[in-house]
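Heads up: the structure comes next, in structure tokens.
Order of the sequence lines sets the chain letters (A, B, ...), proteins ahead of strands, with each chain counted from 1.
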2 protein chains.
Amino acid sequence: MTEKRVYNFSAGPSMLPVAVLEKAAKQMLNYENSGMSVMEMSHRSSSYLDIFEKTKGLLKKVMNVPDNYKIVFIQGGATQQFSMVPLNLLKNGKADYAITGAFSKKAAAEAKKYGDIHIVYDGSSNDFKHIPTQDELDLSKDASYLHICANNTIYGTEWKYVPETYGAPIIADMSSNILSKPVDVSKYGMIYAGAQKNMGIAGLGVAIIREDLLQDVAETTPVLLDYKLMIKNDSMYNTPPAYAIYVLGLVLEWIDSLGGLEVMKERNEKKAKLVYDYLDQSTFYKAHSDKENRSLMNVTFTTPNKDLDAKFVKESIEAGMTNLKGHRSVGGIRASIYNAMPYEGVEKLVAFMKEFEQNNQ
Amino acid sequence: MTEKRVYNFSAGPSMLPVAVLEKAAKQMLNYENSGMSVMEMSHRSSSYLDIFEKTKGLLKKVMNVPDNYKIVFIQGGATQQFSMVPLNLLKNGKADYAITGAFSKKAAAEAKKYGDIHIVYDGSSNDFKHIPTQDELDLSKDASYLHICANNTIYGTEWKYVPETYGAPIIADMSSNILSKPVDVSKYGMIYAGAQKNMGIAGLGVAIIREDLLQDVAETTPVLLDYKLMIKNDSMYNTPPAYAIYVLGLVLEWIDSLGGLEVMKERNEKKAKLVYDYLDQSTFYKAHSDKENRSLMNVTFTTPNKDLDAKFVKESIEAGMTNLKGHRSVGGIRASIYNAMPYEGVEKLVAFMKEFEQNNQ
């Protein structure tokens, strides 16, 4: 392929591996001699079921999912699932939520519709620069679960440990760091994610649920928000987002072929170190997150003022890098460097940062 | 393209126009010199917003949507929307439902979770061969709405008229016949559809809603099932199924370039006539639906017995036609001939039917 490609630092939907896009393009009119596109396949056909099973199997392998966990594919993303969590997992009406950014705040507000929600930590007073330590969590003794957002795209922070609870299972929204590093799934009650960052395209949600946590939902629960029903029907109660699942399969093949999540972690640490090291020695740029909570996926920082932030974004586009503008709620610069961002893209970013600093002292 | 392609008679996901697939493949690594795939675009970027607005505009144009209707894109398909309908539109807790097949039955069962649902017609006693006439509808005087399923894929029936009510707006699930012919949108309160038949790929739902029908939902409604909120945020409260919306845009461009829905109707009538005429003169095959209710999209029929049905399906695959097996709940043969099925595919089917009849008398 000789296509012109830009380095796309979007927070999601975001860059995909070129190998994935090339394969999707190649198979578009005729998937493996089936005479049709994956887009056109009946979700109950044997050709499609092969893709579906292969994708589920690869996810289990790559994430090392224990046998007592079920994998579910649903429509929607994190928003759908943070609604599903309280509807499916509030056993006694009580749950704990840690607020470390925009999505964990939204998730807690949604859960409050259905139960008695206790906020164990709220980072809004420190501009969400910080992820709470174990000691900073005001955990309940009788919570049905503890909900956390494992990586906060807007603020560029990431949980670096799995909290201990009084027995409550941990439900983690991993939308923006799933597949970026190995995770001990057995330490979680449930992991969920929207696919549009490290898993492919928007419109697919993935959940990995410890089977014993599943319970019957209230009768008034909308049918498609029932995890137990979805699992009973192996994610095919209704037509699944079939093409997005196929793209996830291509992404997992790519990860697996490179050596799995240990390799992803090495690559991601190397990329993140390049930017953070540069930020740390600079007096021009200022990193947003506390040092110990820095996200490997989303690097957030500012220049000395808003005018320079805007100039930085404008000139970066001219230099062949896109979507470096920080989220509209916080401003500044955000470089999202998911699995598919090549090292060369980060090198180019740092070289640009250096030049911009020199030109705008 | 010299790719081998089969005639795919799947009920959905189903055939897409080759022109759509070719364009998607061509733009996969670099959409219009943006340096990225549509799959990789931030849904808030100007490149993507152009695609989004163009798609919405084309749908409005092609379906001639009046200005007092809003177009919403959501994740999910018909199942998500038949949950949303009662949650959003039950004003006094009462609604009318006509049961003419599997999805209208599922929709009524879901609505019963939330209100007093009156069944105005139930076709189960006649194996869903029949669509009720106006006189056969036992309509309520105080229903919030009348829900119908405009085309029943499993049984191959289609409403050929828009019922009159005592003022209740009509909510129509058009998942399997939207874009197949012109529709007077102003006769409906709301039209909804999953995209995976005539609108592209699974994982996208479209709704066209008369704006004055929108109301505030109960506080306990899951956030993403709130049409008013989705409309307020122009379908971007959460990340929309962005790639599926792009594919819908390509499909709408294709329809528009051919002359719009009048031309689709002519093409579809011509294709359906070819099969139905053959069925009517045959004593070997038996059409399932009553003559006056026959679907233009799904032609359902049987051979003299189940063994021959199975043989028909097997041999049709060898002849380069797929997915002709009837739905597992009814058996027999089903030929789904949506917009993207070329006339040549139907000619090939009828030739095969003729030959099969001669060989198996």
Quiz item: Is any side-chain N of the basic residue among B:Lys314 and B:Glu318 closer than 4.0 Å to the acidic one's carboxylate O?
Solution: yes
Quiz prompt | B:Ser34, part contacting chain A, at a heavy-atom distance under 4.5 Å | solution = backbone
Quiz item: When heavy-atom pairs shorter than 4.5 Å are enumerated against chain B, which of A:Asn323, A:Leu16, A:Asn33 gives the highest number?
Solution: A:Leu16
Exercise. Go through the atoms of A:Lys325 and report whether side chain, backbone, both or neither lie under 4.5 Å from a heavy atom of chain B.
Key: neither
Quiz item: In terms of side-chain heavy atoms, does B:Tyr114 have a donor or acceptor partner in A:Glu219 at a distance below 3.5 Å?
Solution: no
Quiz item: Measuring heavy-atom distances to chain A, does B:Val247 have an atom under 4.5 Å in its side chain, in its backbone, in both, or in neither?
Solution: side chain
Exercise. For chain B, find which of A:Val38, A:Thr221, A:Ile74 contributes the most heavy-atom pairs closer than 4.5 angstrom.
Key: A:Thr221
Quiz prompt | Contacting region of B:Ala244 [heavy-atom separation from chain A under 4.5 Å] | solution = neither
Self-check item: Pick from B:Pro241, B:Ala11, B:Ser14 with the largest number of heavy-atom pairs that fall under 4.5 Å of chain A
Solution: B:Ser14
Practice problem: Evaluate the side-chain proximity of A:Pro240 to A:Phe73: yes if any heavy-atom separation is below 4.5 Å, no if none is. | Solution: no
Self-check item: Side-chain donor-acceptor pair present, B:Asn298, B:Asn151, cut-off under 3.5 Å
Solution: yes
Practice problem: Select, from B:Asn8, B:Val6, B:Leu21, the one with the greatest count of heavy-atom pairs under 4.5 Å involving chain A. | Solution: B:Leu21
Exercise. Just give me the residue among A:Val223, A:Thr239, A:Thr220 that pairs up with chain B most often, heavy atom to heavy atom, under 4.5 Å.
Key: A:Val223
Self-check item: Salt bridge present between A:Arg5 and B:Glu40 (N-O < 4.0 angstrom)
Solution: yes
Quiz item: Does any heavy atom of chain A fall under 4.5 Å from the side chain of B:Met41, the backbone, both, or neither of them?
Solution: backbone
Quiz item: Any side-chain heavy atom of B:Glu110 within less than 4.5 Å of one from B:Lys113?
Solution: yes
Quiz item: Checking heavy atoms, do the side chain of B:Leu204, its backbone, both or neither come under 4.5 Å from chain A?
Solution: neither
Self-check item: Atom pair CE/CD of B:Met39 and A:Gln196 - distance to nearest 0.5 Å
Solution: 13.5 Å
Quiz prompt | B:Phe82, part contacting chain A, at a heavy-atom distance under 4.5 Å | solution = side chain
Exercise. Find the one option among A:Ser42, A:Ser10, A:Gly203 whose heavy-atom pairs under 4.5 Å with chain B are most numerous.
Key: A:Ser42
Quiz item: What is the ring orientation for A:His147 with A:Tyr192, classed by angle as parallel under 30°, tilted 30 to 60°, or perpendicular over 60°?
Solution: tilted
Exercise. Just give me the residue among B:Arg44, B:Met84, B:Gln27 that pairs up with chain A most often, heavy atom to heavy atom, under 4.5 Å.
Key: B:Arg44
Exercise. Examine the side chains of A:Asn238 and A:Gln75 and answer whether a donor and an acceptor come within less than 3.5 Å of each other.
Key: yes
